[in-house]
2 protein chains.
Amino acid sequence: METQNASILLVDDEPDILEFLSYNLQKEGYNVFRASNGNDAMKIARKVRPNLIILDVMMPQPDGYEICREIRRDEHLKDSVVAFLSAKSEEVSQIEGFKVGADDFIGKPVKPKVFLFRVQALLRRQGGEKEPLNRVFFEDLMIDKESYTVVKRGVTIELSKKEFELLILLTSRPGKVFTRDEIFRKIWGPDVIVGERTIDVHIRKLREKIGLGNIKTIKGVGYYFS
Amino acid sequence: METQNASILLVDDEPDILEFLSYNLQKEGYNVFRASNGNDAMKIARKVRPNLIILDVMMPQPDGYEICREIRRDEHLKDSVVAFLSAKSEEVSQIEGFKVGADDFIGKPVKPKVFLFRVQALLRRQGGEKEPLNRVFFEDLMIDKESYTVVKRGVTIELSKKEFELLILLTSRPGKVFTRDEIFRKIWGPDVIVGERTIDVHIRKLREKIGLGNIKTIKGVGYYFS
DNA sequence: CACACTTTTAATATTTGGTTAACACACCCG
DNA sequence: CGGGTGTGTTAACCAAATATTAAAAGTGTG
C-alpha cells in the first residue's frame, strides 16, 4: 500500500528500553515514535496512525492492556497491529493480552535480531490481511512459524533452529510417523551425515520444552506428533 | 520416496547461483525452470505456472520487485508463491519486498539445507502438497499406513511395527489365506529364521488389539483377514 | 578472542518389542 | 480313549532401539 516507510509507536516507561528498541528500529529505516505513558501514547497514535504499536505491559497508570483496549475501541486505530512487550516471569498474562486484542507478544529481554524479525512479520500482516496467519494450534500449543516461537498455555518457549525445524516438520502432518531417514533428509538435507543419536537429542530437547505428551515414538519406525 | 513434482521457477542473472540452486532442487526431485532475466521469467511463468517462483532481488532491467508486481497483477499467476533471494546487507529492502507481495525472503549466501527446507515450507503453504491419504477401510476398521495406527469405531489403537506389518499384509488381500512361510518371507525376509510360535504370538496380540473376529485361522494352512 | 549458545558426538542407561520356550488346548484318527 | 499334530497363551528373557547425559565441537557476536 503506502510506499513510505512503516511507522512504529513504542510505548514504555523505561527510557533505556525505549532508547534501545528505537535505535534498532531506526537503523532498519523505520519511522519511530515514542511515548512513556498511556496518555501520550494515545495522543500520538491518533495523530500518526502508526502501522504497528508496541506496548510494554507493565506500566503505571493505564497499563498495556488498558491502552490496547482503548486502541481497539478507537474507530481509526482498531485495525492497527498491536504487540506487547512482557518479561518472562509474567507470561501468564498473555492470555489476557490476546483477549484484549493483541497481535503478538515479544518477550523481554529483547534480542535485536528476533525483535526486528518479528516486527517485520507483524508489519507484513498489517498490509495484506488475506495472508493467513502462519500459526498452527494444537490444543494448548501455538506455533508461530513467522516469529519462530511456540507458546504453550500462554508461556512463550524459545526453541533453537533445529528444534523448531523438527517441530514444524512433525506438526506438518500430525499423526504421520516420520522415520529417521525422512527427518534427516528433510531437515539436514540429502548429503549431510550426522550420527544416529543426533535426532534423539533434539527430540529430547523438544519434549523437554514443549512437554512430553506431544511427540511420540514408534520403536523401529520413527516419531510423530499427536 | 515421495515424488515431489512441484515445479519451481528460478530467476537470477548470475549463472552460478542459478546452477547451484537448480542442482539442489533437482536433487530433491523438483521440476526446475530457469530464467536469467525478468522477461524470460514472465514468459516461462505464464507457460508453466510454477508452484513456486524464486526471484533474485538484484537484477538489471526489471528487478525482483518489479517482476513480483507483475506476477501479482497477472490473473493466472497471482496466487503463486513468490520468494526473494537477497544478500544480507540490504535487509531494508525486505519491507519493500513484502509490500509487493513476497511470501518469503531467503538470504544469500544460500545454504542448501535451509534453502530446501524453506522451499518445502513454501510449497506446503501453497495449497498443501496433497498426498493421497494412505488409508484402508474395513467395516468398522480404518488402517492408516502413515501413522501406524488403526482406528476402530473411532478409537485409535497403536500397533507395534511387526503387528502393523502383519496387519497390512493380511489386509492386502482380504480373504486370501497366507501360509506361515509366506508371512515369514514377506515380513521377516528370506534369510531370517525365527521360531514357529513367533507368528502366533503376533497374531494373538493383533487379535487382542483389533478384536478377534477379523483374523481367522485355517488349521494346517495359515491365516487370513475377513 | 572470550563468551554464550547451538549442534553434534560419544558414552551410558533404560526401555520395550520381539522372540523363545514351556505349557495348555483343540481336533483328528486309529 | 490316547497319542499325534497344529495352534493358542503366557511370562520371562534378550538384544536392539531409544533415552539420557555430559562433554566436545562448532557458530555467531560483541
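Note that the coordinates shown come from a computational prediction; the quantities given were computed from them, not determined experimentally. Numbers restart at 1 for each chain; the letters A, B, ... are given by sequence-line order, proteins then strands.
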hbond_proxy A:Lys219 side chain to C:dT15 base (donor-acceptor, 3.5 Å cutoff): yes
Rounded distance (Å) that lies between atom C1' of D:dT20 and atom CD of A:Glu196: 16 Å
Spatial distance of atom CD (A:Glu165) from atom OG (A:Ser160) [nearest 0.5 Å]: 8.5 Å
For atom CD1 of A:Ile193 and atom P of C:dA10, their distance in whole Å: 14 Å
Under-4.0 Å side-chain N/O to phosphate OP1/OP2 contact, B:Trp188 with C:dT19: yes
Euclidean distance, atom CG of residue A:Asp200 to atom C1' of D:dA22 [Å, nearest integer]: 16 Å
Side-chain N or O of B:His202 closer than 4.0 Å to phosphate OP1/OP2 of C:dT19: yes
For atom CD1 of A:Ile199 and atom P of C:dT8, their distance in whole Å: 10 Å
A:Glu208 CD - D:dT21 C1' separation (whole Å): 11 Å
B:Ser160 side chain near C:dT16 phosphate (N/O to OP1/OP2, under 4.0 Å): no
N/O (side chain, A:Arg197) to phosphate O (OP1/OP2, D:dA17) under 4.0 Å: no
Short side-chain N/O contact from A:Tyr223 to OP1 or OP2 of D:dA19, under 4.0 Å: yes
Whole-Å gap separating P (C:dT20) and CZ (B:Arg204): 18 Å
Rounded distance [0.5 Å steps], OH in A:Tyr223 versus OG1 in A:Thr179: 11.5 Å
Under-4.0 Å side-chain N/O to phosphate OP1/OP2 contact, A:Arg207 with D:dT20: no
Nearest-nucleotide comparison on DNA chain C, the residue closer to the 5′ end among B:Lys161 and A:Val194: A:Val194
Distance test, side-chain N/O of A:Thr198 to OP1/OP2 of C:dT9, below 4.0 Å: yes
Protein-nucleotide distance (A:Glu158, atom CD; C:dT7, atom C1'), rounded to Å: 17 Å
Within-4.5 Å side-chain heavy-atom neighbours: B:Ile67 and B:Met59: yes
Length of the line joining B:Ile218:CD1 and C:dA26:C1', which is rounded to integer Å: 16 Å
Face-on cation placement of B:Lys162 at B:Phe164 ring, 6.0 Å and 45° thresholds: no
Distance test, side-chain N/O of A:Arg180 to OP1/OP2 of D:dT18, below 4.0 Å: yes
Per A:Val201 side chain, nearest of listed nucleotides C:dA10, C:dT20, C:dT7: C:dA10
Pairwise side-chain contact, A:Leu169 with A:Ile183, heavy-atom cut-off 4.5 Å (strictly under): yes
